[in-house]
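Heads up, the thing below is written out as structure tokens.
One-based numbering, in listed order, for ligands and for the atoms of each. Note: hydrogens, waters and symmetry copies are ignored here, and every other heavy atom, side chains too, is used.
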Amino acid sequence: MIQISHLQLSLQRRLILDDISFTIHEHECLGLIGPNGAGKTTLLKCLSGMIESERGSITMSSRPIRQQQQSIGYLSQQTDFKSWMTCEQSLRFFGRLSGLDRATLNKRIPDVLHEVGLHNQQTEVIERLSGGMRQRLGIAQAILHEPTFLILDEPASALDPSGRHDINQLILRLKKRMTIIVSTHLLEDAKTCCDRFLVIKQGKLLGPLDNQRNVDQYRIQVETLTTAPSFSATRFPRVEIDRINPCCYQFSAQQPLDLSQLAITLIQQGWSIASIAYQPIGLEERFLDMVADV
Ligand SMILES: Nc1ncnc2c1ncn2[C@@H]1O[C@H](COP(=O)(O)OP(=O)(O)OP(=O)(O)O)[C@@H](O)[C@H]1O
């Protein structure tokens, strides 16, 4: 378990991280989200040990994280590859810098390239890799020394949907044996791999955002198999109906709606219902509500 307690950091006399406390559980993937400039990268750099905070503590299994640098893998926002090297040469170069010996590298390099899906690119020059492949090579570099705690700073931004999908699938595989924190702006994508999210704004933690399906009980969407007949609202006097298309309607009210009652009423009125559900509230919508200035 990684415990962050009352972390505080100022840069150039400006408070960048303000009394940050949270926990990351073992084998959890925690998503860190927040507007630009919120302090995500700075917080991740503190976790990686690159920056020392002026107050507070970070511990992993109850020991200061700075004493366990070898257990941390870090992918920075800007990966810094030598574009003329091959994937293998690059991993060997960075592996040596982190103190791995030749025998370990001979074994680990093919393993990590396989793990990130770059086994066919072992001798490919980095210049020729796609953006998604480069990000996966960055992750290969971050996990080369088999860390138990992996820090990923926006690993999927600037990637196309298939690149983002690959990264999320890779994170899902890695979390079986690592604890992961990932900063991202891509909430809907990150839902597939993050167990929960923490929201940060102007250096302060605003709170958690769980990754569960939330619904708006004031709105119900109904899809019909055929064009719906008109609706007599005697049992739902203060309900508004919006026709989205001939087979899709939205019912909304100022108070929570009774979904089963509405379904029964519609069937009694001759509606052939294909689906009926409360309107889902997207993660992005809840995030925007949370960071909105009040
Ligand atoms: N070395 C530095 N010196 C002074 N201020 C800095 C330094 N590094 C970052 N900052 C400031 O700290 C604040 C937080 O920056 P940070 O990069 O951590 O935000 P972020 O949430 O990662 O943003 P983004 O989503 O745009 O990547 C910003 O206002 C930034 O200008």
Using a 3.5 Å cut-off on N/O to N/O, what pairs does ligand 1 make with the protein? A line per pair would be great.
residue	atom	partner	partner atom	Å
ligand 1	18 (O)	Thr41	N	3.4
ligand 1	18 (O)	Thr42	N	2.9
ligand 1	18 (O)	Thr42	OG1	2.5
ligand 1	19 (O)	Gly39	N	3.2
ligand 1	21 (O)	Ala38	N	3.1
ligand 1	21 (O)	Gly39	N	2.9
ligand 1	21 (O)	Lys40	N	2.9
ligand 1	21 (O)	Lys40	NZ	2.8
ligand 1	22 (O)	Thr41	N	2.9
ligand 1	22 (O)	Thr41	OG1	2.9
ligand 1	23 (O)	Gly37	N	2.8
ligand 1	25 (O)	Asn36	ND2	3.2
ligand 1	25 (O)	Lys40	NZ	2.7
ligand 1	25 (O)	His185	NE2	3.0
ligand 1	26 (O)	Asn36	ND2	2.8
ligand 1	27 (O)	Gln77	NE2	3.4
ligand 1	29 (O)	Arg14	NH2	2.7

Using residues 71-83 as the side-chain source, report each donor-acceptor pair under 3.5 Å to any protein atom, sequence neighbours left out, with the distance given to one decimal.
residue	atom	partner	partner atom	Å
Ser76	OG	Gln78	O	2.8
Gln77	OE1	Thr41	OG1	3.0
Gln77	NE2	Glu154	OE2	3.3

Please tell me whether Glu223 and Ser275 have a donor and an acceptor in their side chains that are separated by less than 3.5 angstrom. yes

Within-4.5 Å side-chain heavy-atom neighbours: Arg96 and Leu105: yes

Looking only at the side chains, is there a donor atom on one of Thr86 and Thr123 sitting less than 3.5 Å from an acceptor on the other? no

Could you check whether Ser10 and Glu54, counting side-chain N and O atoms only, form a donor-acceptor pair closer than 3.5 Å? yes

Shared hydrophobic cluster for Leu198 and Leu9 (ILVMFWY, side-chain gaps under 4.5 Å): yes

